[in-house]
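A short worksheet on the structure shown next.
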Amino acid sequence: MTLTLTVSDEVRALAPGFTHVAIEAYGLVNGPSTDASSALLDDAARRLAVRLDGRAPHEDPHMAAWREAYTAFGSKPSRTRNSAEALAKRALSEAGLPRINVLVDLYNAISVAHLIPVGGEDLDRIQGGMRLVRATGDEDFVTVAAGEEVVEHPDAGEVVWCDESGVTCRRWNWRQGPRTRLTEETVSAIFLLESMAPMPVTDVETAAAELAELLEKFSPGARIEIRPAEPARD
């Protein structure tokens, strides 16, 4: 069953250069990070260094466009970075990229190599369709703090992904909630690759194709469908 993904008119107006490509995958095999998935992360960090050629991640034109979008909905981009910029900073640091599990490693590697925010959601934990909206501030975002489940609320006007149960990711792609994240038990997932102009749509589609190939390699026999790019404005 195809998951419905909707971008609200308010978000389209805020960021007319926004585009996303989705990959639906079924029959996945996940587990702890492996030498192979770890090697992909190391290679992604090398590709990033070549891409940036000495610049800081936020100086890349695509990351600068994301910073403008974050500023437009009232977020401070130097404090709450988009997921690609945050990962890029980790990749270039002595700490390096985290190893989470195979599926997360795969999409993090693509995010870093291409400097594109990429997220993964467990389809079996999504309630109804997913919507990218500007929050009212009353929505629930269930997260964990100090080992305890807590409910937060996004700021009014903040851009969030949500389903029928509440917010799944705050500040566009800044922080995902634990309810829908990919775990070692995940067998079905949707991966979202998000971009802003001036990045060409073809670049996002190339990154999506690379991720699809990796999913097929690490989960032989999985059913994988790349959904076409959906620009915010026709």
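Numbers here are sequence positions counted from 1.
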*Verify side chain to side chain donor-acceptor pair (under 3.5 Å) between Asp122 and Thr186, making sure each step is shown before the conclusion.*
CA-CA 6 Å; Asp122 191 318; Thr186 297; 2.8 Å; yes
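- Between the side chain of Glu139 and the backbone N or O of Gly137 there is at least one donor-acceptor pair closer than 3.5 Å.
- For Val112 against Leu48, the heavy-atom pair with the smallest separation is O-CD1, 3.6 Å.
- Under a hydrophobic clustering in which Ile, Leu, Val, Met, Phe, Trp and Tyr are joined whenever their side-chain heavy atoms come within less than 4.5 Å, directly or via other members, Leu123 and Val104 fall into different clusters.
- Residues Leu193 and Ile224 share a single hydrophobic cluster, defined by chaining ILVMFWY side chains whose heavy atoms lie under 4.5 Å apart.
- With a 4.5 Å cut-off on side-chain heavy atoms, Arg170 and Thr143 do not count as touching.
- A single hydrophobic cluster is not seen to contain both Val21 and Val201; linkage of ILVMFWY side chains at heavy-atom distances under 4.5 Å, directly or through other members, places them apart.
- Under the rule for a side-chain contact (heavy atoms from CB on, under 4.5 Å), the partners of Val151 that lie at least two apart in sequence or sit in another chain are Asp140, Val142, His153.
- Residues in residues 79-88 take part in these side chain to side chain donor-acceptor pair (under 3.5 Å) pairs, two or more places apart or across chains: Arg67-Glu85, Ser75-Thr80, Arg81-Glu85.
- Residues Leu132 and Trp172 form a side-chain contact, since some pair of their non-hydrogen atoms from C-beta on lies under 4.5 Å apart.
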*asked:* Between Trp174 and Glu158, does the side chain to side chain donor-acceptor pair (under 3.5 Å) criterion hold? Intermediate values first, please.
replied: CA-CA 11 Å; Trp174 167 65; Glu158 181 182 323; over 6 Å; no
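- Taking the six-membered ring for Trp and thresholds of 30 and 60 degrees, Tyr70 and Phe73 have ring planes inclined between 30 and 60 degrees apart.
- Closest non-hydrogen pair, Leu182 versus Ala189, comes out as CD2-CB, 3.8 Å.
- With respect to Asp42 and Arg99, a salt bridge is recorded, a charged nitrogen being found less than 4.0 Å from a carboxylate O.
- Between atom CD of residue Glu184 and atom CG of residue Leu103 there is a gap of 10.0 Å, rounded to the nearest 0.5 Å.
- Looking at Val7 and His20, their side chains come closer than 4.5 Å, going by heavy atoms from C-beta outward.
- Electrostatic pairing of Arg47 and Glu210 counts as a salt bridge here, judged by a charged N lying under 4.0 Å from a carboxylate O.
- Side-chain atoms of Arg227 and Ile190, non-hydrogen and from C-beta on, do get closer than 4.5 Å to each other.
- Contact detail for Asp155 and Ala135: the closest heavy-atom pair is O-CB, 3.7 Å.
- Taken to the nearest 0.5 Å, the CG atom of Leu211 stands 10.5 Å off from the CG atom of Asn108.
- At a threshold of 4.5 Å between side-chain heavy atoms, the hydrophobic network of Ile, Leu, Val, Met, Phe, Trp and Tyr places Phe191 and Leu5 in two separate groups.
- A donor-acceptor contact shorter than 3.5 Å is absent between the side chain of Thr180 and the backbone of Arg125.
- The heavy-atom pair separating Leu106 from Leu214 by the smallest distance is CD1-O, 3.9 Å.
- For Glu148, the CD atom is loosely surrounded, since the number of other residues' heavy atoms within 6.0 Å does not exceed 12.
- In this structure, CG on Leu41 lies 10.5 Å from OG on Ser111, to the nearest 0.5 angstrom.
- Remark: the backbone N or O of Met63 is not paired with any side-chain donor or acceptor of His58 at under 3.5 angstrom.
- Leu97 and Phe218 fall into different hydrophobic clusters, where Ile, Leu, Val, Met, Phe, Trp and Tyr are joined by side-chain heavy atoms under 4.5 Å apart, directly or via other members.
- Proximity of a side-chain donor or acceptor of Asp105 to a complementary backbone N or O of Ser38 within less than 3.5 Å is not detected.
- In terms of modelled atom types and a separation under 3.5 Å, the side chain of Gln176 and the main chain of Glu121 share no donor-acceptor contact.
- Shortest non-hydrogen contact noted between Leu52 and Leu92 is CD1-CD1, 3.7 Å.
- Rounded to the nearest 0.5 angstrom, Trp66 CH2 and Phe18 CZ are separated by 5.0 Å.
- The shortest heavy-atom contact between Val204 and Ser195 is CG2-OG, 3.1 Å.
- When each of Leu28, Asn30, Leu215, Val29 is paired with Val102, the side chain to side chain contact (heavy atoms under 4.5 Å, CB included) condition holds for Asn30 and for no other.
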